[in-house]
Amino acid sequence: MSVDVVVSATAFMDITFVGLESVPRPGEERFAGDLLRSPGGGAINAIGIARLGLRAALAVPLGDDLDGRFIRAALEHEGIELSTTVGSRTPTTVVMPYGGERAMVTYEPGVNTSAAVLAAFSPRAAVVALDQLDTVPPGVRGYATCGDDDARAFASHPPQDLGGARALFLNRREALLITGEDTPEAAAQRLGGDVEIVIVTLGPDGAMALVDGEFVRVPGHEMKAVDTTGAGDLLCAAFVWADLAGADVELALRWAVLYGSLSVTVPTGAAGAVTLERLLAEGSTRGLPPLAIAAAKETKT
């Protein structure tokens, strides 16, 4: 079995309250217009990668419960290869989008995937959580993502094995928390001594990357934000897609920012992962130079 990208960042069952009156404070009850279930976390990475035309795999523990079975069925429908060892329960996140942002509550058993499971997919690239860098197989491009739990675990002391990643993805808050710096630029410079490419997402302001000591800045795209959940995961997915196609960092980041921006217009990160055809059409209207798509698909022929 050989895939383009294997994802081992934790997959969650996302339970999203749509059309929430407001985020409740302690002692309050608020009502929503709808309730949606969808794959979340690393599953969003995998869905984005698959919809962009690459062969994707997800290697994570999932419970043998209704939520685990739901996620497996959804990803199989996307054509994603699976290695989902049975955990005690499926990680779950309650998502409350409101006012262009969102609040979340998460349960995670804390079980990770082994390096041997990732290597069995013979991937070209791997998307892993910040604490999983030691699982990236030798010779495979590693892309590390960060979550709120990772940022708090590594607060003011970044992990020592960042050199195992080609690129590290963080949002502004995570970058400041991990480094203890006051600005995203200073945080990127602190991390850039250990990792080849540091990408800090800036919400509606786009993203910036530090590569070879130089900053690359890409503005965001004006969108009516319905749910920002998964926008960073999809930005990562599109950057990996463009990077594997041979794009330079600036062009890859431009496509990635557009992909992440498009995702916020609908509820749930999984629904926000648009197809390759939609992304290319949107990029064309905005004057983005095309990529050598054939290069990104070379392992599928």
Side-chain angles (χ1 to χ4, degrees), residues 1-14 39-50 54-65 67-76 78-93 106-154 157-170 174 178 194-196 232-233 236-237 240 243-244 299:
M1 180 188 305
S2 177
V3 301
D4 294 305
V5 185
V6 60
V7 178
S8 67
T10 303
F12 297 88
M13 167 61 80
D14 278 0
I44 299 174
N45 289 108
I47 290 171
I49 289 163
L54 296 180
R55 187 173 182 187
L58 182 71
V60 297
L62 291 175
D64 187 22
D65 49 20
D67 290 342
R69 291 193 285 274
F70 176 91
I71 294 172
R72 290 183 182 93
L75 297 190
E76 287 172 351
E78 298 285 343
I80 296 167
E81 301 287 343
L82 297 177
S83 176
T84 54
T85 54
V86 176
S88 56
R89 293 170 62 187
T90 296
T92 302
T93 295
T106 292
Y107 163 76
E108 182 179 359
V111 181
N112 286 332
T113 302
S114 70
V117 172
L118 270 67
F121 284 102
S122 299
R124 300 168 62 197
V127 176
V128 301
L130 193 56
D131 63 349
Q132 297 175 334
L133 282 167
D134 60 342
T135 66
V136 177
V140 171
R141 290 190 184 187
Y143 301 87
T145 62
C146 184
D148 188 77
D149 55 339
D150 296 314
R152 286 185 281 120
F154 291 107
H157 62 283
Q160 299 298 310
D161 55 355
L162 284 177
R166 170 164 171 77
L168 169 63
F169 297 82
L170 319 91
E174 293 159 354
I178 284 178
D194 298 316
V195 63
E196 187 176 352
D233 298 311
C236 171
V240 172
D243 194 39
L244 291 178
T299 63

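Note that this is a predicted model, so its numbers are computed, not measured.
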What's the separation between atom [atom1] in [X] and atom [atom2] in [Y], rounded to the nearest 0.5 Å?
X: Leu118; Y: Thr135; atom1: CG; atom2: OG1; value: 5.0 Å
X: Ile71; Y: Thr92; atom1: CD1; atom2: OG1; value: 7.5 Å
X: Thr84; Y: Leu62; atom1: OG1; atom2: CG; value: 5.0 Å
X: Thr10; Y: Asp150; atom1: OG1; atom2: CG; value: 8.0 Å
X: Met13; Y: Phe70; atom1: CE; atom2: CZ; value: 5.0 Å
X: Asp65; Y: Thr90; atom1: CG; atom2: OG1; value: 3.5 Å

TODO: State whether the number of non-hydrogen atoms from other residues, nucleotides or ligands found under 6.0 Å of Arg141 atom CZ is greater than 12.
DONE: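 Yes, enclosed.
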- [ ] Report the residues that fulfil salt bridge (Lys or Arg N to Asp or Glu O under 4.0 Å) with Arg166, sequence neighbours left out, ordered by chain and then residue number.
- [x]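 Counting only residues at least two positions away or on another chain, Arg166 forms a salt bridge (Lys or Arg N to Asp or Glu O under 4.0 Å) with Glu196, Asp243.
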TODO: Go through the structure and list residues passing salt bridge (Lys or Arg N to Asp or Glu O under 4.0 Å) with Asp64, not counting sequence neighbours.
DONE: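 Per chain and number, Asp64 pairs via salt bridge (Lys or Arg N to Asp or Glu O under 4.0 Å) with Arg69.
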Give the minimum heavy-atom separation between [X] and [Y], together with the two atoms involved.
X: Val117; Y: Ser83; result: CG1-OG, 3.3 Å
X: Ser2; Y: Ser122; result: OG-O, 3.4 Å
X: Arg89; Y: Pro109; result: O-CG, 3.4 Å
X: Leu133; Y: Ala165; result: CD2-CB, 3.7 Å
X: Leu75; Y: Ala43; result: CD1-CB, 4.2 Å
X: Ala56; Y: Ile49; result: CB-CG2, 3.8 Å

For the side chain of [X] and the backbone of [Y], is there at least one donor-acceptor N/O pair under 3.5 Å apart?
X: Thr113; Y: Ala59; value: yes
X: Glu78; Y: Ala50; value: no
X: Asn45; Y: Asp233; value: yes

TODO: Among Leu162, Leu170, Thr145, find the one that has a side-chain contact (heavy atoms from CB on, under 4.5 Å) with Leu130.
DONE: Leu162
TODO: May I have the step-by-step check of side chain to side chain contact (heavy atoms under 4.5 Å, CB included) for Val127 and Phe169, ending in yes or no?
DONE: CA-CA 10 Å; Val127 176; Phe169 297 82; over 6 Å; no
[X] vs [Y] side-chain heavy atoms within contact, under 4.5 Å:
X: Leu168; Y: Asp194; value: no
X: Val140; Y: Val6; value: no
X: Thr85; Y: Pro61; value: yes

Task: Electrostatic pair Asp4-Arg55, nearest N-O below 4.0 angstrom - done: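 Not counted as a salt bridge, because no side-chain N and carboxylate O are separated by less than 4.0 Å.
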Open item on the list: side chain to side chain contact (heavy atoms under 4.5 Å, CB included), that's the test. Do Thr106 and Asp149 meet it? Break it down for me.
Closed with: CA-CA 10 Å; Thr106 292; Asp149 55 339; over 6 Å; no
